[in-house]
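Computation of the quantities below employed the complete heavy-atom set of this structure, encompassing side-chain atoms and omitting hydrogens, waters and symmetry-equivalent molecules.
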Amino acid sequence: MRSTEEPVPVAGSPAEAAAAGDTSKSAGFCTGTGAARPGPLQQLHRIALVDVNSFYVSCERAFDPALAGIPVVVLSNNDGCVVARSDEAKALGIKTGEPWFKLADAAPHLGLVQRSSNYELYGDLSSRVMELLGRYALWQEVYSIDESFLGLAGTAEELDTQGADIRAAVARHTGLPVCVGIGTTKTLAKFANRIAKQNKHLGGVCSLDTMDPEVVETIMSRVPVTGLWGVGAKLGKRLGALGIRSVADLKAADPALIRSRFSVTLQRTVLELNGTSCLPLEEERADRQQLIFSRSFSVPVTTAAEMRQVMSIYAQQAAARLEREGQQARVLTAYAGTSHFSQKAASFPSVTVRLQSPTSDPVVLTRAAVGALEDSILEGVPYTKAGVMLSGLSDAGAQPVFDEFVSAHEHRHIGELLGKVADKYGAASIGLGLAGLSSTKPDWTMSRKFFSPRYTTDWDELPVVRAR
DNA sequence: GAGGTACAG
DNA sequence: GGTTCTGTACCTC
């Protein structure tokens with residue numbers, strides 16, 4: 001969902017490519033498939049990378065046709081900054097990360113429409129897309145909320161057709177637009193996906209196998225190296241100093257040199273660009289290593305009493321997630337911080353405590369989080385964010401725990417009980433101590449002024465269709 | 001092993 | 001006045 005560079009046009013033929021100015025490479029240059037162009041009947045096993053265009057914006061559009069064809073942005077928590085943009089918003093020059101307060105006044109004149117992010121909706125649509133994609137593939141790796149690697153097989157022509165079929169199916173069943181990139185390695189599939197996204201005339205599918213190798217080479221010589229998966233701004237700058245500016249430059253670089261001057265990660269990128277797979281397929285999601293519940297406040301928290309309430313609520317949220325995933329934590333870190341944008345005395349208290357034994361018990365974790373920051377919070381300091389991090393994670397029940405180390409209430413499985421109640425009656429229905437029932441929300445809680453309904457996950461917010 | 005940096009989405 | 005959140009890998013010490 002990141003795209004800051006200018007689109008790179010794709011030439012339609014080698015002749016066009018040459019006419020467009022790049023004649024520096026020979027016709028026989030390796031294309032990354034590691035072999036000559038495949039014959040028309042050759043069975044190929046390939047990796048596809050499917051992702052949803054401007055995912056959050058597309059989710060909003062799927063339920064609100066008025067958003068089609070106009071500039072739309074989706075904002076981060078507290079409506080702080082832009083996290084997703086429609087093509088029309090990109091065309092207006094709006095950048096990811098741009099603070100909303102700088103856009104708000106101009107928005108009506110620009111015809112720009114904004115939405116608060118609605119992760120419940122996006123998560124639900126994501127599951128539907130992923131389930132659908134899995135039906136089209138030999139294997140599937142769900143890589144992010146809006147991306148999946150898929151294993152496809154067939155002739156070059158059949159791969160193109162499958163890509164088109166996948167696009168049509170997702171559009172029909174979810175209303176979301178996707179692009180499909182196909183290549184021999186994950187890095188090349190990602191690259192192909194980018195080409196598909198930036199060149200509308202390809203119809204949303206780009207399979208490197210069916211393209212003329214010279215055309216591929218031309219494209220690679222024009223896409224900046226920072227357009228590659230894993231190459232960000234910092235690396236781009238360092239590479240540029242060595243004269244490596246385009247994807248083609250990096251592909252032609254000596255892997256050993258890249259390994260010594262940079263990292264094994266970038267060396268893998270070079271190898272993958274040349275058709276050697278270095279990144280394993282990860283169909284099974286690895287157990288997570290840490291879990292963070294962190295939020296900025298809508299208005300600063302300035303008292304220790306308020307911060308205790310923050311810690312209580314955040315710790316219970318973290319505990320609930322841990323419980324749901326069947327994991328336990330050995331270490332808890334509680335932290336808070338003042339604004340990075342204020343010149344006044346900055347303060348970032350952070351306290352880590354090792355728990356007696358691995359646990360997901362909300363009573364233990366809440367007590368630990370509230371206690372951890374007790375002595376570090378100064379009255380009157382304007383804290384703008386806080387968080388609870390759980391680490392040293394293990395599978396619940398993976399190792400036996402000496403009974404003496406388990407507190408009495410843990411035997412009563414309070415976390416499990418709270419989870420069941422919350423599932424049935426909503427997250428706000430139950431809580432411990434300072435997170436418990438209260439008629440009004442604390443005023444530091446997240447604000448989302450442009451929130452759309454949770455169309456697919458709440459009976460009270462279903463979309464209404466009228467016919468006559 | 002801790003802490004910092006970089007990257008991704 | 002106001003600028004997200006979550007997670008991993010690698011490097012250095």
Determine whether [X] and [Y] make a side-chain contact, defined as any pair of heavy atoms from C-beta on separated by less than 4.5 Å.
| X | Y | answer |
| --- | --- | --- |
| A:L67 | A:R115 | yes |
| A:I166 | A:L150 | yes |
| A:R238 | A:L242 | no |

State whether [X] places a side-chain N or O below 4.0 Å from either non-bridging phosphate oxygen (OP1 or OP2) of [N].
| X | N | result |
| --- | --- | --- |
| A:S296 | C:dC5 | yes |
| A:W229 | B:dG9 | yes |
| A:R321 | C:dT6 | yes |
| A:K102 | C:dG1 | no |

(request) Tell me, with the steps shown, if A:W444 and A:Y383 meet ring pair (Phe, Tyr, Trp, His ring centres under 6.0 Å). (result) CA-CA 10 Å; A:W444 48 262; A:Y383 296 100; over 10 Å; no
(message) Just to be sure I understand the rule, does A:L291 reach a base, reach only the sugar-phosphate, or reach nothing, if contact means heavy atoms closer than 4.0 Å?
(response)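 Sugar-phosphate contact only - A:L291 comes under 4.0 Å of backbone atoms but never of a base.
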(message) Can you give me the closest heavy-atom contact between A:G123 and A:S127, atom names plus distance?
(response)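 The pair with the smallest heavy-atom distance is O-OG, 2.9 Å.
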(message) Should A:F101 be counted as stacked on C:dT3, where stacking needs a ring-centre gap under 5.5 Å and an angle between planes under 30 degrees?
(response)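 Not stacked: fails the 5.5 Å / 30° test.
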(message) Starting the side chain at C-beta, find the nucleotide from C:dT6, C:dT8, B:dC7 nearest to A:K234.
(response)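 Closest nucleotide among those given: B:dC7.
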Enumerate the protein-to-nucleotides 9-13 of chain C contacts in which both atoms are nitrogen or oxygen and the separation is below 3.5 Å.
| residue | atom | partner | partner atom | Å |
| --- | --- | --- | --- | --- |
| C:dA9 | OP2 | A:Q289 | NE2 | 3.2 |
| C:dC10 | OP1 | A:R268 | NH1 | 3.0 |

